[in-house]
Amino acid sequence: MNCLLSFLYTLVTHDVRSALETVGLDPAVGFLHRDRPGRPGLALDLMEEFRPFLADRLTLSLINLRQVQKKGFTRAETGAVLMTDETRKTVLVAYQTRKQEEILHPFIGEKVAIGLLPYVQALLLARHLRGELDGYPPFIQK
């Protein structure tokens, strides 16, 4: 479970980091996560909004639908748990498929592909930081 979650959190973090850079924000300067060399603090801050909605939910779906099973993981001599290539491919395909689904964004009131949510939230954060919005509207899916 932890191996699968960590992998998906990494994918989401990369998507959020790219979105922040696209709107002109430095992904390393965070509010909640302490600044450390090489650590994308702001990307980790913004990624928190997507953990339950994207990564956690997808993890549970993959397991409940038996698309990912115990045999798709191996344990190294060091104790590390590794995903097989076949399982990694299954997870990546499911992640990309999920990102193509559309939802109604709770703040802007428009249909948005899930894969564009990090960009929309990064843009809203940038607008808030530049004084164009009174407050930052976090992404909360009900």
Side-chain angles (χ1 to χ4, degrees), residues 1-130 132-133 135-142:
M1 189 66 131
N2 285 339
C3 178
L4 186 53
L5 284 170
S6 293
F7 184 63
L8 284 168
Y9 290 160
T10 300
L11 295 175
V12 174
T13 302
H14 284 286
D15 287 348
V16 171
R17 183 180 188 151
S18 296
L20 289 166
E21 290 174 351
T22 300
V23 300
L25 296 177
D26 185 348
V29 182
F31 294 99
L32 304 173
H33 290 84
R34 194 176 270 212
D35 291 346
R36 279 197 339 221
R39 183 182 194 177
L42 186 58
L44 294 171
D45 291 351
L46 195 58
M47 191 264 298
E48 293 295 334
E49 298 177 24
F50 303 109
R51 275 182 192 250
F53 177 72
L54 189 53
D56 297 352
R57 188 176 294 179
L58 183 58
T59 297
L60 290 173
S61 293
L62 288 168
I63 292 169
N64 287 338
L65 296 173
R66 300 189 186 276
Q67 292 175 303
V68 171
Q69 297 181 2
K70 185 177 179 179
K71 66 182 179 184
F73 299 88
T74 59
R75 186 174 298 275
E77 289 180 21
T78 61
V81 177
L82 306 171
M83 233 184 272
T84 63
D85 289 341
E86 183 179 324
T87 297
R88 190 176 304 106
K89 180 180 177 182
T90 299
V91 173
L92 286 170
V93 168
Y95 181 67
Q96 292 300 327
T97 301
R98 176 81 169 127
K99 286 174 39 174
Q100 292 173 9
E101 295 173 17
E102 290 186 341
I103 63 159
L104 183 65
H105 192 281
F107 181 74
I108 64 174
E110 295 180 19
K111 280 194 171 189
V112 176
I114 290 173
L116 290 177
L117 286 174
Y119 173 75
V120 171
Q121 291 306 120
L123 191 57
L124 291 170
L125 178 60
R127 287 182 178 167
H128 168 64
L129 294 174
R130 294 177 183 137
E132 299 169 19
L133 285 175
Y136 170 71
F139 175 76
I140 300 171
Q141 183 67 15
K142 297 177 182 177

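- Contact record, L46 with P118: CD2-O, 4.3 Å, taken as the closest heavy-atom pair.
- Annotation: side chain of F53 is in contact with side chain of L117 (closest heavy-atom distance under 4.5 Å).
- Atom OG1 of T13 is separated from atom CG of L8 by 10.5 Å, given to the nearest 0.5 angstrom.
- Considering every non-hydrogen atom in both F139 and E49, the closest pair reads N-OE1, 2.8 Å.
- Atom CD of Q121 is separated from atom OH of Y136 by 4.0 Å, given to the nearest 0.5 angstrom.
- Atom OG1 of T87 sits about 10.0 Å away from atom CG of L62, to the nearest 0.5 Å.
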Step-by-step side-chain contact (heavy atoms from CB on, under 4.5 Å) determination, K99 to D15:
CA-CA 11 Å; K99 286 174 39 174; D15 287 348; 3.0 Å; yes

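- For Y119, the OH atom counts as loosely surrounded, since its 6.0 Å shell holds 12 or fewer non-hydrogen atoms of other residues, nucleotides or ligands.
- Here OH of Y95 is found 5.0 Å from CG of L54. Values are rounded to the nearest 0.5 Å.
- Within 6.0 Å of CD in E86 there are 12 or fewer heavy atoms belonging to other residues, nucleotides or ligands.
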Please step through side-chain contact (heavy atoms from CB on, under 4.5 Å) for the pair M1 and I63, ending with a clear verdict.
CA-CA 9 Å; M1 189 66 131; I63 292 169; 3.3 Å; yes

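- Shortest non-hydrogen contact noted between P27 and E21 is CG-OE2, 3.6 Å.
- We find the CD-CZ distance between Q141 and F50 to be 11.0 Å, quoted to the nearest 0.5 Å.
- Here the CZ atom belonging to R88 is positioned 11.5 Å from the CG atom belonging to L4, to the nearest 0.5 angstrom.
- A salt bridge links E101 with R98: the distance from a Lys NZ or Arg NE/NH1/NH2 to an Asp or Glu carboxylate oxygen falls below 4.0 Å.
- The heavy-atom pair separating P137 from G135 by the smallest distance is CD-O, 3.3 Å.
- Shortest non-hydrogen contact noted between T84 and F73 is CG2-N, 4.2 Å.
- Across all their heavy atoms, A55 and V12 have their closest contact at CB-CG2, 4.4 Å.
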So F107 and I140, side-chain contact (heavy atoms from CB on, under 4.5 Å) or not? Walk me through it.
CA-CA 9 Å; F107 181 74; I140 300 171; over 6 Å; no

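- Here the side chains of N2 and V81 are not in contact, with every heavy-atom distance at 4.5 Å or above.
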Please lay out, stage by stage, how R57 and L60 fare under the test side-chain contact (heavy atoms from CB on, under 4.5 Å).
CA-CA 5 Å; R57 188 176 294 179; L60 290 173; 6.0 Å; no

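- Residues D26 and L20 form no side-chain contact, since every pair of their non-hydrogen atoms from C-beta on lies 4.5 Å or further apart.
- When atom types are taken as modelled, the side chain of H128 and the backbone of L133 share a donor-acceptor pair closer than 3.5 angstrom.
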